[in-house]
Amino acid sequence: MAERYDLVVVGAGPGGYVAAIRAAQLGMKVACVEKRSDLGGTCLNIGCIPSKALLDSSELYHLAKERFGKHGIKVGSLALDVPAMLKRKDEVVKGLTDGVRYLLRKNKIEPIFGAAKLTSPTTLQVAKNEGGTVDLEAGHILLATGSEPMPLPFLPFDGKTVVSSTEALCFDKVPEHLVVIGGGVIGLELGSVWKRLGAKVTVIEFLPRIVPTADLEMGALLHKSLVKQGLEFHLETKVTGAKVEGAKATVTAQTKDGKTLSVPCDKILVAVGRRAYSEGLDLAKAGVTVEQRTGKVAVDGRFRTNVPTISAIGDLIDGPMLAHKAEDEGVAFAEILAGKSGHVDYNTIPNVVYTWPELASVGQTEEQLKEQGVGYRVGKFPFLANGRAKAMDETEGLVKILADAKTDRVLGVHILGPRASDLISEAVTVMEFAGSSEDIARICHAHPTLSEAVREAALAVDKRAIHS
């Protein structure tokens with residue numbers, strides 16, 4: 001006899017567990033199925049959280065090695081303990097995944113650990129991790145199964161020398177030479193981690209620029225900063241293969257002008273993107289249409305697939321593959337299912353590259369506005385002229401605000417600099433309420449803070465910045 005639920009969520013990542021909690025808050029009986037033995041999905045276990053733990057640890061090591069002396073802090077014999085660093089990372093992960101388990105229990109949501117497959121538009125069978133199967137019946141099914149790293153067809157992952165982001169989070173020692181294939185967010189973040197810890201890092205990117213979706217000016221500034229930090233880049237270069245011999249490898253590539261590049265290394269991180277994950281769900285049996293090339297599922301404005309009782313959110317559907325996008329979709333889905341009005345504004349989803357300096361953005365880039373023929377004004381302010389940034393010795397980067405030439409409505413904000421990931425929230429809030437650069441300029445910002453740079457950039461839109 002199948003257990004009956006109002007909602008069964010498949011996937012306990014940021015989208016899935018948040019949707020489950022919101023649905024339970026709204027009075028539904030909810031079960032959450034997770035293939036892993038821990039909750040939290042890719043983000044908490046092998047993505048956002050462990051990578052940020054390593055980024056912060058590696059940044060502290062770099063500061064102790066290179067910058068503490070300038071602050072009058074004398075460091076004696078500095079040593080790196082990679083196992084201790086990885087242990088701390090794992091403890092951070094466990095604390096948060098245990099927290100998700102507590103939240104599900106608090107909201108009376110039953111977690112079921114195992115691999116789910118759809119047996120009809122309203123039923124599932126779960127092969128439980130501890131053995132046996134369980135049948136579930138649901139008024140509605142939500143698919144939140146996320147994504148997985150995408151390999152190159154001619155360079156499959158071996159988990160040791162040719163690795164995905166998953167393995168690059170737990171190298172047992174610092175590589176002598178790490179080759180990163182792909183100049184996007186994941187490659188740059190993990191490349192930064194191991195460069196700070198002492199590895200030589202070479203990034204090979206097929207396109208003529210890194211972070212290709214970023215504002216052109218800001219992406220170029222980040223590139224310049226990373227080169228200054230010691231990362232080596234080969235742009236407009238196509239990887240053609242790799243030869244692995246024991247613990248060593250050689251990557252071959254071809255440059256734009258046809259020259260052959262040969263790069264010896266001991267680790268190859270393939271970071272060319274992620275693809276939607278729905279393996280084993282048996283979507284076809286339930287009648288759900290899947291886009292063959294991407295593996296993504298098409299949904300309507302209410303997150304419903306072509307089968308009305310089955311919905312999908314997060315990396316499984318169109319849009320940026322971001323944890324916070326999935327969370328917002330999870331909340332909106334649950335509220336719509338409960339008869340309320342759920343909404344996600346896809347124009348105000350922030351994006352962050354957690355290198356140092358960080359690059360955070362929301363809204364349109366200059367290139368997009370030009371392509372659309374939208375008139376706009378630009379306001380910029382450098383952190384070099386910000387008092388708090390000076391005190392922190394973190395003066396690299398700037399804030400850039402794009403506002404409509406006629407209405408002054410904020411169309412895009414791009415921040416390269418210290419704690420840009422936190423500063424971008426003010427811009428998101430203003431844009432959610434269709435605010436103007438003048439709105440930001442009129443808000444009193446505490447002094448001395450990094451956020452004053454945002455206000456100065458807003459003042460600069462009208463050419464009246466005070467400190468530049």
Side-chain angles (χ1 to χ4, degrees), residues 11-14 34-62 80-100 146-152 155-203 226 229 231 247 249 265-275 277 315 321-324 326 352-356 358 421:
E34 172 52 51
K35 193 173 183 178
R36 287 188 178 89
S37 58
D38 291 305
L39 302 169
T42 293
C43 178
L44 268 67
N45 288 279
I46 53 172
C48 321
I49 298 303
S51 64
K52 303 314 164 284
L54 285 184
L55 279 161
D56 283 335
S57 293
S58 65
E59 177 65 17
L60 289 172
Y61 176 76
H62 172 76
L80 178 64
D81 187 341
V82 173
M85 188 177 289
L86 296 179
K87 181 182 177 184
R88 174 191 170 271
K89 174 206 68 173
D90 293 341
E91 288 170 350
V92 170
V93 169
K94 187 177 188 309
L96 289 169
T97 56
D98 285 351
V100 175
S147 61
E148 63 180 352
M150 192 160 55
L152 288 168
L155 193 58
F157 299 124
D158 63 20
K160 294 180 180 178
T161 305
V162 182
V163 303
S164 70
S165 55
T166 302
E167 293 81 24
L169 289 167
C170 50
F171 292 150
D172 57 2
K173 63 179 181 179
V174 178
E176 290 180 21
H177 189 177
L178 170 66
V179 170
V180 178
I181 302 175
V185 177
I186 294 172
L188 296 180
E189 290 183 0
L190 290 174
S192 293
V193 166
W194 296 108
K195 177 68 186 78
R196 292 172 192 161
L197 298 178
K200 178 181 179 181
V201 176
T202 301
V203 180
L226 294 175
Q229 292 173 39
L231 278 77
C265 62
D266 52 335
K267 295 290 183 183
I268 304 168
L269 167 59
V270 180
V272 294
R274 298 180 65 84
R275 62 187 179 192
Y277 181 82
D315 291 359
M321 290 182 166
L322 299 169
H324 45 281
V352 182
V353 185
Y354 292 90
T355 48
W356 197 265
E358 295 177 338
S421 56

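Remember, it's a predicted structure, so these values are computed and weren't measured experimentally.
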Distance (rounded to the nearest 0.5 Å) between [X] [atom1] and [Y] [atom2]:
X      : Y      : atom1 : atom2 : answer
Thr97  : Ile49  : OG1   : CD1   : 10.5 Å
Arg88  : Asp56  : CZ    : CG    : 6.5 Å
Leu169 : Ser164 : CG    : OG    : 8.5 Å
Leu54  : Glu59  : CG    : CD    : 13.0 Å
Thr161 : Leu269 : OG1   : CG    : 12.5 Å
Asn45  : Ser37  : CG    : OG    : 7.5 Å

In the structure I gave you, are the side-chain heavy atoms of [X] and [Y] within less than 4.5 Å of one another anywhere?
X      : Y      : result
Asp172 : Val82  : no
Val180 : Leu190 : no
Ile181 : Val272 : yes
Ser192 : Leu226 : yes
Asp38  : Lys94  : no

Closest contact, heavy atoms only, [X] versus [Y]:
X      : Y      : value
Gly191 : Leu178 : CA-CD2, 4.4 Å
Gly40  : Pro14  : O-CD, 3.7 Å
Val162 : Pro156 : CG1-O, 3.5 Å
Tyr354 : Lys52  : CD1-CE, 3.0 Å
Gly159 : Val163 : C-CG1, 3.9 Å
Leu55  : Ser58  : O-OG, 3.0 Å

Would you sort out whether Glu189 and Ser165 count as a side-chain contact (heavy atoms from CB on, under 4.5 Å), showing the intermediate values?
CA-CA 10 Å; Glu189 290 183 0; Ser165 55; over 6 Å; no
Check step by step if salt bridge (Lys or Arg N to Asp or Glu O under 4.0 Å) holds for Lys267 and Glu167.
CA-CA 10 Å; Lys267 295 290 183 183; Glu167 293 81 24; over 6 Å; no
Check the pair Leu231 / Val203 against side-chain contact (heavy atoms from CB on, under 4.5 Å), numbers first and verdict last.
CA-CA 7 Å; Leu231 278 77; Val203 180; 4.3 Å; yes
Is there any ring-ring contact (aromatic ring centres under 6.0 Å, His included) pair reaching into residues 156-191, and which pairs are they, with sequence neighbours excluded?
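Checked against ring-ring contact (aromatic ring centres under 6.0 Å, His included) - neighbours excluded - the pairs reaching residues 156-191 are Phe171-Trp194.
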Apply side chain to side chain donor-acceptor pair (under 3.5 Å) to the pair Thr355 and Glu358, showing each step before the final yes or no.
CA-CA 5 Å; Thr355 48; Glu358 295 177 338; over 6 Å; no
Run the side-chain contact (heavy atoms from CB on, under 4.5 Å) test on Arg275 and Asp315 for me, step by step, so that the C-alpha distance in whole Å, both residues' side-chain angles and the decisive distance to 0.1 Å come before the verdict.
CA-CA 8 Å; Arg275 62 187 179 192; Asp315 291 359; over 6 Å; no
Salt-bridge present (Glu148, Arg274; N to O < 4.0 Å)
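Salt bridge: no.
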Do the side chains of Glu176 and Lys200 get close enough for a salt bridge, i.e. N-O under 4.0 angstrom?
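No, this pair does not count.
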Residues which pass side chain to side chain contact (heavy atoms under 4.5 Å, CB included) with Ala12, listed by chain and number, not counting sequence neighbours
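With neighbours one apart ignored, the set is Cys32, Glu34, Leu39.
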Contacts of type salt bridge (Lys or Arg N to Asp or Glu O under 4.0 Å), residue Lys160, not counting sequence neighbours
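Checked Lys160 against salt bridge (Lys or Arg N to Asp or Glu O under 4.0 Å); zero matches.
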How far apart are the C-alpha atoms of Trp356 and His62, what are their side-chain angles, what is the distance that settles it, and do they pass the side-chain contact (heavy atoms from CB on, under 4.5 Å) test?
CA-CA 11 Å; Trp356 197 265; His62 172 76; over 6 Å; no
